[in-house]
Amino acid sequence: MFKLDNTRQIFGEALAEYGVKNKKVIVLTADVSASVMTTFFAQKNPERFFNVGIAEAGMIDTAVGFALSGMVPFANTFAALLLRATEQVRTCVAYANTNVKIIGSFAGLSDAKDGATHHSIMDIAVFRAMPNMTVIVPSDSIEAKRMIPLIAEHEGPVYMRISRAEMPILFDENHKVEIGKGTIMRDGSDVTIIANGHLLSRSLEAADRLSSRGIKARVINMHTVKPLDMPLLRKCAQETGAIVTAEEHSIIGGLGSAVAEAIADEIPVPVKRVGVADKFTESSKDLDPLLDKYGMAVDDIVKAAQQAVKQK
Amino acid sequence: MVAKTDYSQELVKKLEDMAWQLRIDIVEMTHCRGSGHPGGSLSPAEIISVLFFHHLQLDPNNPKWENRDRFILSKGHACAILYAALARRGFMPLKELESWGCIGSCLQGHPDRQKTPGVEMTTGCLGHGINIAAGLCLAAKLKGLDFHTYVLLGDGELQTGILWEGAMLASKYKLSRLIAIVDYNGVQLDGTIEEIMPLEPLKSKWEAFGWAVLEIDGHSVPEVLGALDRARANGNKPTVIIARTVKGKGVSFMEGKAAWHGRGINDEEYQQAMEELKQNV
């Protein structure tokens with residue numbers, strides 16, 4: 001249905017290009033530059049590239065030192081391994097409110113073959129709980145690329161996750177994006193599917209299937225998990241009366257939790273969460289069958305939407 | 001051992017007096033607040049005195065001066081002495097010290113860079129100082145600035161793994177403007193360093209990580225002066241000064257006692273402590 005492109009490569013090249021223009025940008029990496037493709041940055045901006053070795057916690061604190069000096073550090077490693085640096089992010093980035101940009105690559109289940117040690121299903125939960133932190137999950141490669149200058153020029157800590165997988169192409173070069181603003185990808189009046197990352201394209205497919213079954217689903221691209229776009233969320237709850245969330249993350253603590261918490265507080269309507277159901281995953285040759293097995297199939301979104309509509 | 005050099009008696013006396021004044025401030029503050037970490041605040045008094053009243057290039061009227069020396073209190077629980085030094089150096093009124101730890105105060109239970117003028121970095125969880133200092137030094141190189149970055153480490157803090165990540169990084173990038181000082185008082189929260197997790201041979205450990213190492217008596221002002229000057233002149237690698245100190249130095253019933261790592265001072269203890277400390281001024 002969608003053409004694919006290589007998100008990490010596009011992100012890596014775009015970060016390198018942006019670094020040529022913005023000399024304040026520093027890139028730090030923890031022995032994974034060839035994997036997360038910060039090698040492009042290293043080639044174009046060698047004096048501003050620092051490989052700290054397998055030292056994720058130290059990398060975050062070193063990025064903090066750069067931020068204290070007015071530079072804009074991007075600290076890159078695998079999203080799953082960033083959990084090693086949780087206290088550093090909490091104390092020295094979030095609490096100290098330093099201008100550090102943290103990029104969690106190989107996010108979600110996108111490093112399918114390497115198994116549960118390398119799958120990141122709780123990064124959003126952890127970083128979203130930290131005051132001062134902005135949390136972003138771009139929904140395709142163009143969006144990931146567009147976010148680079150936005151997060152660099154945003155004053156304050158940001159966590160953004162990047163998929164290892166080839167992602168469906170949803171946007172073209174004219175795509176406009178703003179931190180904290182979701183967008184309506186497809187309109188509908190019976191239920192709203194709020195998604196990001198790899199699950200946005202699946203949600204659009206689900207909306208097609210729902211349409212053939214007489215349910216008109218609205219689909220929202222909610223690339224910013226924090227701060228959540230509350231005006232858009234209120235509008236969707238009021239206009240469609242039922243909500244489904246879909247994300248490549250545990251249903252505990254991610255986009256689904258963020259939406260459910262906000263809806264419970266403000267406009268109680270049925271909410272169904274699609275994601276990993278509080279369990280560890282496993283290895284797979286490919287991402288798509290793994291997403292299907294762990295509750296993120298297009299049909300899981302369809303079923304969740306049907307249930308949400310019934311509960312109205 | 002660093003050879004004593006010809007610092008004037010007047011300078012040495014001034015810095016010794018300030019160290020004792022800071023100790024008095026710590027006891028006043030910890031008594032007033034009813035909590036704090038007196039043991040590890042009293043031990044680095046000569047080090048802090050020499051840094052803040054002689055060695056560091058700072059401007060209290062312009063705390064964000066770009067080429068100022070940076071000081072990071074990696075052992076953030078010892079913030080009483082940092083706050084006292086900042087106040088006496090003119091970064092805030094002395095009166096402010098009375099508010100330490102109260103709701104609304106600019107002086108938190110551990111240092112907060114956003115609330116306290118002169119506090120370079122938020123600390124309190126141990127192990128962060130070296131990596132942050134390395135980031136500052138690397139940024140300074142890129143910006144063509146020649147300030148030095150100083151980190152005061154606790155000895156217990158050397159048990160954290162992240163600290164040695166930073167030690168490797170500083171060595172890899174030859175950060176000669178990074179100067180760490182270990183307040184080696186030998187006692188941590190639960191007991192002595194030797195009982196809980198021994199650090200020896202500490203000099204060899206730092207040398208193995210590529211650092212220049214100086215060992216001094218941390219209560220000797222001339223030795224602290226000499227070591228800091230030597231470290232500043234070192235041109236090709238980071239330097240660590242291992243400063244032997246006494247936890248709770250200056251208050252007989254606190255000296256060497258883990259129980260005084262973190263607790264307030266009651267009225268009776270306060271009277272005795274002040275009597276002892278005032279004999280030195």
Side-chain angles (χ1 to χ4, degrees), chain A residues 19 22-31 45-75 77 81-82 84-102 130-132 155-157, chain B residues 63-68 70-72 74 76 108-116 119-145 147 149-151 157 160-173 175 177-178 209:
Chain A
N22 185 345
K23 306 284 186 209
K24 285 187 174 177
V25 173
I26 302 293
V27 166
L28 299 108
T29 199
D31 191 39
N45 310 282
E47 75 288 357
R48 280 178 285 128
F49 174 79
F50 299 92
N51 198 333
V52 303
I54 306 163
E56 292 79 7
M59 173 178 71
I60 294 296
D61 279 354
T62 306
V64 168
F66 278 108
L68 290 175
S69 306
M71 313 299 275
V72 183
F74 279 66
T77 188
L81 301 184
L82 273 170
R84 287 183 177 181
T86 304
E87 191 272 312
Q88 285 69 29
V89 178
R90 194 273 316 222
T91 308
C92 301
V93 179
Y95 173 49
N97 205 11
T98 49
N99 196 22
V100 175
K101 318 302 171 185
I102 302 167
M130 296 184 183
N132 292 335
E155 185 66 33
Chain B
K64 298 282 178 192
W65 166 41
E66 196 179 20
N67 207 29
R68 70 192 181 279
R70 273 34 170 209
F71 172 79
I72 296 171
S74 196
Q108 293 295 294
H110 289 86
D112 182 335
R113 76 176 191 97
Q114 297 185 96
K115 286 197 163 74
T116 313
V119 167
E120 295 289 353
M121 183 54 197
T122 302
T123 53
C125 302
L126 296 170
H128 294 294
I130 296 291
N131 284 282
I132 295 168
L136 282 162
C137 291
L138 289 165
K141 277 190 175 185
L142 283 172
K143 294 172 114 178
L145 297 169
F147 65 80
T149 299
Y150 296 79
V151 184
E157 174 168 28
T160 66
I162 184 178
L163 191 126
W164 299 100
E165 294 180 6
M168 279 190 272
L169 183 76
S171 179
K172 171 183 172 182
Y173 289 105
L175 301 178
R177 291 199 169 93
L178 202 173
F209 277 76

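So you know, we letter chains A, B, ... as the sequences are listed, proteins then strands, and number each from 1.
You'll find the side chain of B:Leu136 stays beyond 4.5 Å of the side chain of A:Phe66, heavy atoms only.
Not a single salt bridge (charged side-chain N to carboxylate O under 4.0 Å, His left out) links B:Glu157 to another residue, sequence neighbours left out. Scored by the salt bridge (charged side-chain N to carboxylate O under 4.0 Å, His left out) test, B:Lys141 finds no partners at all (sequence neighbours excluded).
Chain A forms the most heavy-atom pairs under 4.5 Å with one residue out of B:Met168, B:His128, B:Lys143, and that residue is B:His128. Most heavy-atom pairs under 4.5 Å with chain B, from the set A:Ser69, A:Ala63, A:Ala96: that is A:Ala96. Chain B forms more heavy-atom pairs under 4.5 Å with one residue of A:Arg90, A:Arg48, A:Met71, A:Glu87 than with any other, namely A:Glu87. Counting heavy-atom pairs closer than 4.5 Å to chain A, the top-ranked of the candidates B:Glu120, B:Lys172, B:Met121 is B:Met121. When each of A:Val52, A:Val64, A:Leu68 is checked for heavy-atom pairs under 4.5 Å with chain B, A:Leu68 comes out on top. The residue among A:Met59, A:Glu47, A:Glu56, A:Lys23 with the most heavy atom pairs within less than 4.5 Å of chain B is A:Glu47.
The two atoms that bring A:Thr91 and B:Thr122 nearest to each other are O-CG2, 4.4 Å, heavy atoms only. A pairwise comparison of heavy atoms in B:Tyr173 and A:Phe49 identifies OH-O, 4.4 Å as the closest pair. Of all non-hydrogen atoms in B:Gln108 and A:Tyr95, the two that sit nearest each other are CG-OH, 4.4 Å.
Residue B:Leu169 touches chain A through its side chain alone, counting heavy-atom pairs closer than 4.5 Å. With a 4.5 angstrom heavy-atom cutoff, A:Ile26 touches chain B only via side-chain atoms.
No option in B:Asn131, B:Ile132, B:Thr123 other than B:Ile132 meets the side-chain contact (heavy atoms from CB on, under 4.5 Å) test with A:Cys92.
For the atom pair CZ (B:Arg113) and OG1 (A:Thr98), the distance works out to 6.0 Å, reported to the nearest 0.5 Å.
For B:Glu66, the CD atom sits in a loose shell: 12 or fewer heavy atoms of surrounding residues, nucleotides or ligands are nearer than 6.0 Å.
The backbone N or O of B:Ile162 sits nowhere less than 3.5 Å from a side-chain atom of A:Gln88 that would complete a donor-acceptor pair.
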